[in-house]
Participant: 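Please see the structure below; I have some questions.
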Amino acid sequence: PQFTKEQENINDRGHDILVSASAGSGKTTVLVERVLREILAGTQVSELLVVTFTKAAAEEMKTRIKMP
């Protein structure tokens, strides 16, 4: 995906991030990309804490992460 300069902060590793933005701004895409990059870099899923505001958002993230 093409990210804005602010969204590129997903490349920063070794610290927590907070993604807060309006609807339709790409939060889910940014978080999914961050989770996938962490997993591919060797982070165990059990080491990650990802919090969303709604169950629907959590389900959307799970669906996107499970896709090959």
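Count residues from 1 along the sequence. For clarity, every value in this text was computed on a predicted model and none was experimentally measured.
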Participant: Pairs under 3.5 angstrom only: tabulate donor-acceptor contacts from the side chains of residues 45-54 to other protein residues two or more places apart or in another chain.
Facilitator:
unit_1, atom_1, unit_2, atom_2, d
Glu47, OE2, Gln44, N, 2.8
Thr52, OG1, Thr54, O, 2.9
Thr54, OG1, Ala57, N, 3.0

Participant: Could you state the interatomic distance from OG1 (Thr43) to CG (Leu36), rounded to the nearest 0.5 Å?
Facilitator: 12.0 Å
Participant: To the nearest 0.5 Å, tell me how far Ile65 CD1 sits from Glu33 CD.
Facilitator: 10.5 Å
Participant: Distance from Leu31 atom CG to Met61 atom CE, nearest 0.5 Å?
Facilitator: 4.5 Å
Participant: Among residues two or more places apart or on two chains, list those pairs meeting salt bridge (Lys or Arg N to Asp or Glu O under 4.0 Å) that have a residue in residues 50-59.
Facilitator: Glu59-Lys62
